[in-house]
Amino acid sequence: MATAASSTQVPPEALSELLERFDPDVIDVPGGTARIRLEVTGQRAWDAVVRNGEVRLRPPAGPE
């Protein structure tokens with residue numbers, strides 16, 4: 001992400017660390033795509049988007 005991004009656009013370090021541990025071999029994702037809501041107490045929610053064995057953090061889609 002750009003260094004000029006506001007803190008609301010940068011995921012918490014805890015979520016970034018969690019995604020580093022992602023292992024596509026131990027999760028069953030029917031159809032190959034999933035959106036998983038992740039929350040850290042006191043901060044905004046993020047969605048982990050799993051697609052074709054890869055995961056990326058995105059701002060939440062839909063209500064938080």
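Nothing here was measured: the structure is a model prediction, and the numbers come from that model.
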- How close do A45 and P60 get, heavy atom to heavy atom, and via which atoms? O-CD, 3.3 Å

Show me, pair by pair, the donor-acceptor contacts under 3.5 angstrom made by side chains of residues 47-54, not counting sequence neighbours?
| residue | atom | partner | partner atom | Å |
| --- | --- | --- | --- | --- |
| D47 | OD1 | R37 | NE | 2.4 |
| D47 | OD1 | R37 | NH2 | 3.3 |
| D47 | OD2 | R35 | NH1 | 3.0 |
| D47 | OD2 | R37 | NH2 | 3.4 |
| D47 | OD2 | A61 | N | 2.9 |
| E54 | OE1 | R56 | NH2 | 3.3 |

- Can you find a heavy atom in the side chain of L38 that is under 4.5 Å from one in the side chain of L57?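 Answer yes - side chains close enough.
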
- Can you run down the salt bridge (charged side-chain N to carboxylate O under 4.0 Å, His left out) pairs that involve residues 13-27, sequence neighbours left out, and say none if there aren't any?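 Listed once each, the pairs would be none.
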
- Go through the structure and list residues passing side chain to side chain contact (heavy atoms under 4.5 Å, CB included) with D28, not counting sequence neighbours.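 Applying side chain to side chain contact (heavy atoms under 4.5 Å, CB included) to D28 gives P30.
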
- Message: So, using side chain to side chain contact (heavy atoms under 4.5 Å, CB included) as the criterion, who are the partners of P59 when residues are at least two apart?
- Response: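 Side chain to side chain contact (heavy atoms under 4.5 Å, CB included) list for P59, sorted by chain: R44, W46.
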
